[in-house]
Trainee: 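I am attaching a structure below and will ask some questions about it afterwards.
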Amino acid sequence: MSRAALPGFRDFYPQEFAERAYVMDAWREVTRRYGFVEYDGPPLEPLELYTAKSGEEIVGQLYVFEDKGGRKVALRPEMTPTFARMVGAKLNALRKPVRWFSTPQLFRYERQQKGRLREHFQLNVDIVGEADVAADAELLACAIDVMREVGLTSKDVRARVSDRRLIGALLSHFEIADKDQPLVYAVLDKLDREPRDVLEKRLTDAGIAFHTVGSLFEAVASRDLDELRSRLGGMRALDGHFETLGRYFELLEALGVRDWVQLDLSVVRGLAYYTGIVFELFDNEGEFRAICGGGRYDDLLATLGGTAAPALGFGMGDVVLGELLRSRKLMPALEPAVDFWVACDDDALLPDVMSVAAKLRGSGRSVEYSLKGQQLSRQMKAAASAGAGQVVILLRDQWSGGSGTVTVKTLADGTERVVRSDVLLNFPMQDNG
RNA sequence: GUGGCUGUAGCUCAAUUGGUUAGAGCACCGGUCUGUGGCACCGGGGGUUGCGGGUUCAAUUCCCGUCAGCCACCCCA
């Protein structure tokens, strides 16, 4: 019998749990500022919910089994289908635009590696019912503000944005057949990981003219809109897309996040359902996988739920973000802390210690004490390592069965006060030192 | 799913060309400092050297398998 967690699953010891809570608190805090409200769905769903969207091949990557009622079910690998179902069912009744977020634990049966486990928590933020590019700007700004919330700056993280419609228009202009588009996207995705000549050959082998490949690569190398415009300025079919992206960047400027964002047409989100602006957040060192990815998926609700509505959203996992924060020394360490430690210099006073502890707890303070008789110096050590703000010391010569006094010591500065035991409860709490 | 690298206490690491009861620091628990902490000193618990085979008089050390982790690929969240 193995004592380890299953591969790709994590035991959250207090330190790890504190880290997870830190990240998830940041998620909730930022989404709250943007007016998003939280929802959740079942962790177990009918298998068809996922095969309908992604086909049968996805089954190999899911935790699937048959329940006792003979239903084929799967642990949720992503939140979007659940979200689409929930929103779709009540779309007419919901105030638009819908702004919801969730922090589900998701599961995927795949070989684990850095930044990628078989289970993770993922912030999902979605907007439904607004086609204007302002919604796209709002969404990206929210993702970026999460970065800020955990102490990252535009020097640490960059948002790379592309536009599916622009790429589509570009490929049409280059007269690249629809059947070749998946190949083109695959090549774009590998642009900074594989040698250019190898990628060029893949496209020319597929029958795309060499000069077309050259023009495509040149266009995609653009890192801002003006550059792209000057390279493709002659193409009237692209004007509308330039205009949209131009407004997008303007609005990102207005939201105060423009310096985090860079045009990058090589961003290819794997999911086939994106229809407009897409983005990914990466660490600037290129050390980790994408921290976050999202974009506009205007057709998905119609595909899944039947009701058409413009929509967009992003997902941000806790694994890569956690790795990045730890490597940048931005992940807070767990500091034990209690308001009071109650100690005594006589084992016979243990019931009195417990009684004092109970009263302090009754007034809302966090209190610990030695559960067995220990010499006072041990108790003081224990108090210090528990991060106690103050130690209440019952000395047998002062205590007088509760009618006397106690000594209250503030550990941070070593100061002591002797107080009547009956006024102890009025003590203000001190910062834990 | 494919390939490569790695695997000794909770953590970081030791262990002479394979050689006898596998060590240290930190952490944890306790003792002294004659009863108020963070120091110092002393002591203790904790390892079937990932697991299973093989070679050998002898394996932590060499070989094979397996499991796990890391990295790359595939794919994506």
Side-chain angles (χ1 to χ4, degrees), chain A residues 1-11 13-15 50 53-55 57-62 75-81 102-124 182 185-186 189-190 193-194 268-274 280-281 287-295 313-321 323 341-347 349 370 372-398 406-418 432-433:
Chain A
M1 174 123 162
S2 170
R3 281 160 200 78
L6 286 170
F9 285 75
R10 296 170 286 178
D11 288 327
Y13 287 84
Q15 173 60 40
Y50 305 112
K53 180 184 140 206
S54 313
E57 62 275 16
I58 197 178
V59 175
Q61 300 175 7
L62 300 181
L75 288 173
R76 60 186 174 193
E78 56 169 324
M79 199 56 179
T80 305
S102 191
T103 59
Q105 187 174 26
L106 304 177
F107 306 87
R108 201 113 172 171
Y109 195 90
E110 284 184 317
R111 186 151 184 167
Q112 66 163 321
Q113 49 185 294
K114 185 182 184 188
R116 197 160 169 197
L117 307 173
R118 286 179 171 180
E119 146 276 316
H120 72 151
F121 290 89
Q122 187 188 64
L123 169 65
N124 274 250
Y185 280 119
D189 190 38
K190 292 186 168 52
R193 277 179 291 157
E194 281 184 38
V268 176
R269 296 254 65 220
L271 300 175
Y273 59 68
Y274 287 109
E280 290 186 332
L281 263 47
E287 191 180 343
F288 301 97
R289 292 167 180 282
I291 301 162
C292 168
F314 72 77
M316 180 190 297
D318 71 310
V319 178
V320 174
L321 183 55
E323 286 172 349
W341 186 281
V342 187
C344 63
D345 66 349
D346 186 337
D347 293 354
L349 291 179
S370 297
K372 63 180 177 188
Q374 272 186 320
Q375 34 179 344
L376 190 51
S377 68
R378 276 293 155 199
Q379 297 178 62
M380 295 304 292
K381 280 186 189 177
S385 78
Q390 298 181 91
V391 182
V392 177
I393 307 169
L394 277 54
L395 298 170
R396 80 172 87 69
D397 296 337
Q398 299 180 347
V406 297
T407 298
V408 180
K409 178 166 186 168
T410 302
L411 286 184
D413 57 17
T415 58
E416 290 185 7
R417 280 176 287 184
V418 175
N432 302 301

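Values below: every heavy atom of this structure, side chains too, minus hydrogens, waters and symmetry copies. Residue numbering restarts at 1 for every chain, and letters A, B, ... go by the order of the sequence lines.
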Trainee: Determine which nucleotide pairs with B:U2, using a 3.5 Å limit on both distances of a Watson-Crick or G-U wobble pair.
Mentor: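 When the pairing criteria are applied, B:A72 turns out to be the nucleotide that pairs with B:U2.
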
Trainee: Could you tell me which non-hydrogen atom of A:Y185 sits nearest to which non-hydrogen atom of A:V268, and how far apart they are?
Mentor: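 Nearest heavy atoms, A:Y185 then A:V268: O-CG2, 3.4 Å.
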
Trainee: Nearest 0.5 Å, what's the CG-CD distance between A:D345 and A:Q375?
Mentor: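 Taking CG in A:D345 and CD in A:Q375, the distance rounds to 12.0 Å.
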
Trainee: Rounded to the Å, how far apart are A:Q122 CD and B:C76 C1'?
Mentor: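 Roughly 11 Å, once rounded to whole Å.
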
Trainee: When you get a sec, tell me which of B:U36, B:G31, B:C76 is the closest nucleotide to the side chain of A:Q375?
Mentor: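 For the A:Q375 side chain, the nearest candidate turns out to be B:G31.
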
Trainee: Counting heavy atoms not belonging to A:Y109, are there more than 12 under 6.0 Å from its OH?
Mentor: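 At most 12 heavy atoms, drawn from other residues, nucleotides or ligands, come within 6.0 Å of this atom.
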
Trainee: Closer than 4.0 Å, any side-chain N/O of A:R378 to the OP1 or OP2 of B:U36?
Mentor: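 Checking A:R378 against B:U36: no side-chain N or O falls below 4.0 Å of OP1 or OP2.
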
Trainee: Between A:F107 and A:L395, which is nearer to the 5' end of RNA chain B once each is assigned its nearest nucleotide?
Mentor: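 By nearest-heavy-atom nucleotide position, the 5'-most residue is A:L395.
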
Trainee: Could you work out which one of B:U32, B:C76, B:U36 sits closest to the side chain of A:R289?
Mentor: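 The answer is B:C76.
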
Trainee: Categorize A:E119 for me: base, sugar-phosphate, or nothing, with a 4.0 angstrom heavy-atom threshold over every strand shown.
Mentor: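 The answer is nothing, as A:E119 stays clear of every strand by at least 4.0 Å.
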
Trainee: Assign A:E416 to base, sugar-phosphate, or nothing according to its heavy-atom contacts below 4.0 angstrom with the strands shown.
Mentor: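 Base contact - A:E416 has a heavy atom under 4.0 Å of at least one base atom.
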
Trainee: Counting only Watson-Crick pairs (N1-N3 plus N6-O4 or O6-N4) and G-U wobbles (N1-O2, O6-N3), all under 3.5 Å, who is the partner of B:G10?
Mentor: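 Check on B:G10: paired to B:C26, both distances under 3.5 Å.
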
Trainee: Work out how far the P atom of B:U16 is from that of B:G10, and round it to whole angstrom.
Mentor: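 Going atom to atom, P in each nucleotide, I get 23 Å.
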
Trainee: Choosing from B:C75, B:C71, B:A40, which nucleotide comes nearest the side chain of A:E110?
Mentor: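 The closest nucleotide is B:C75.
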
Trainee: Go through B:A68, B:C74, B:C33 for me and flag the one nearest to the A:K190 side chain.
Mentor: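 Output: B:C74.
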
Trainee: Using the P atom as the reference point in each nucleotide, state the distance between B:C11 and B:G47 in Å, no decimals.
Mentor: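 Here B:C11 and B:G47 have their P atoms 14 Å from each other.
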
Trainee: Can you measure from CD (A:E280) to CZ (A:F314) and round to the nearest 0.5 angstrom?
Mentor: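 Those atoms lie 13.5 Å apart.
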
Trainee: If the C1' atom of B:C64 is compared with that of B:G25, how far apart are they to the nearest Å?
Mentor: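 Approximately 36 Å lies between the C1' atom of B:C64 and that of B:G25.
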
Trainee: Expressed as a whole number of Å, how far does the C1' atom of B:U49 sit from that of B:U21?
Mentor: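 Approximately 15 Å lies between the C1' atom of B:U49 and that of B:U21.
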
Trainee: Would you say the side-chain atoms of A:R417 pair up with the backbone N or O of A:T407, donor to acceptor, closer than 3.5 Å?
Mentor: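 Between the backbone of A:T407 and the side chain of A:R417 there is no qualifying donor-acceptor contact (under 3.5 Å).
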
Trainee: One thing to verify: whether A:K114 and A:E323 come together as a salt bridge, which I'm taking to mean a side-chain N less than 4.0 angstrom from a carboxylate O.
Mentor: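 So A:E323 does not pair with A:K114 through a salt bridge.
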
Trainee: Considering only B:G1, B:C75, B:U36, which nucleotide approaches the side chain of A:R111 most closely?
Mentor: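 In terms of side-chain proximity for A:R111, the closest of B:G1, B:C75, B:U36 is B:G1.
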
Trainee: When you match A:L6 and A:D413 each to their closest nucleotide on RNA chain B, which lands nearer the 5' end?
Mentor: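 Per heavy-atom nearest nucleotide, the more 5' residue is A:D413.
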
Trainee: Rounding to an integer number of Å, can you tell me how far A:K381 NZ sits from B:A27 P?
Mentor: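 Rounded to the whole Å, the gap is 12 Å.
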
Trainee: Measure the distance from CE on A:M380 to P on B:G37 and round it to the nearest whole Å.
Mentor: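 Whole-Å distance recorded here is 7 Å.
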
Trainee: For B:G19, give its Watson-Crick or G-U wobble partner with both distances under 3.5 Å, or none.
Mentor: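 Check on B:G19: paired to B:C57, both distances under 3.5 Å.
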
Trainee: Between B:U60 and B:U55, how many Å separate the two P atoms, rounded to a whole number?
Mentor: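 The answer is 16 Å between these two P atoms.
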
Trainee: So what does A:G115 hit on the nucleic acid, given a heavy-atom distance under 4.0 Å: a base, only sugar-phosphate, or nothing?
Mentor: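 Counting heavy atoms under 4.0 Å across all strands, no contact is made by A:G115.
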
Trainee: Contact class for A:L394 vs. all strands (heavy atom < 4.0 Å): base, sugar-phosphate, or nothing?
Mentor: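 The residue A:L394 makes no contact with any strand.
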
Trainee: What interatomic distance, in whole Å, is found between P of B:C67 and the corresponding atom of B:U12?
Mentor: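 After rounding to an integer number of Å, I get 24 Å for this pair.
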
Trainee: Rounding to an integer number of Å, can you tell me how far A:Y50 OH sits from B:C75 C1'?
Mentor: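 To the nearest whole Å, that distance equals 19 Å.
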
Trainee: Which base sits across from B:U66 as a Watson-Crick or G-U pair, both distances under 3.5 Å?
Mentor: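 Across all strands, the one nucleotide that pairs with B:U66 is B:G50.
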
Trainee: Say you pick atom C1' in B:G37 and the same atom in B:G50; how far apart are they, in whole Å?
Mentor: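 One C1' to the other, the span is 41 Å.
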
Trainee: Using a 4.0 Å heavy-atom cut-off across all strands, classify A:G414 as base, sugar-phosphate, or nothing.
Mentor: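 Here A:G414 touches the bases of the nucleic acid.
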
Trainee: When you measure from the side-chain N and O atoms of A:K372 to the phosphate of B:G30, is any distance below 4.0 Å, counting only OP1 and OP2?
Mentor: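 Yes, within the criterion.
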
Trainee: Which part of the nucleic acid, if any, lies within contact of A:I393, taking any heavy atom under 4.0 Å across all strands shown: a base, the sugar-phosphate backbone alone, or nothing?
Mentor: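 A:I393: base contact, heavy atoms under 4.0 Å.
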
Trainee: Grab the CG-P distance between A:D189 and B:C75 for me, whole Å please.
Mentor: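 Atom-to-atom, A:D189 to B:C75, this comes out as 9 Å.
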
Trainee: Given atom CH2 of A:W341 and atom P of B:G38, what is their separation to the nearest angstrom?
Mentor: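 That distance rounds to 14 Å.
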
Trainee: Taking B:C29 as the reference, what is the distance to B:U8 when you measure between their P atoms (whole Å, please)?
Mentor: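 Those two atoms are separated by 25 Å.
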
Trainee: Within the structure provided, determine whether A:R10 and A:H120 are in side-chain contact (heavy-atom separation under 4.5 Å).
Mentor: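 Yes, close enough: below the 4.5 Å cut-off.
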
Trainee: Between A:L376 (CG) and B:G38 (C1'), how many Å, whole number?
Mentor: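 After rounding, the gap between these two atoms is 15 Å.
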
Trainee: Of all the choices, B:C71, B:C75, B:A68, which nucleotide is nearest to the side chain of A:R116 once you look at every atom?
Mentor: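 Between B:C71, B:C75, B:A68, the one nearest the side chain of A:R116 would be B:C75.
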
Trainee: Could you work out which one of B:G37, B:C75, B:C73 sits closest to the side chain of A:Q113?
Mentor: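 Closest nucleotide to the A:Q113 side chain: B:C73.
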
Trainee: Would a distance-only check, ignoring hydrogens and angles, find a side-chain to backbone donor-acceptor pair under 3.5 Å from A:Q105 to A:E119?
Mentor: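 Side chain of A:Q105 to backbone of A:E119: no pair is present.
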
Trainee: In this structure, how many angstroms lie between the P atom of B:C75 and the NZ atom of A:K114, rounded?
Mentor: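 The answer, rounded to whole Å, is 21 Å.
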
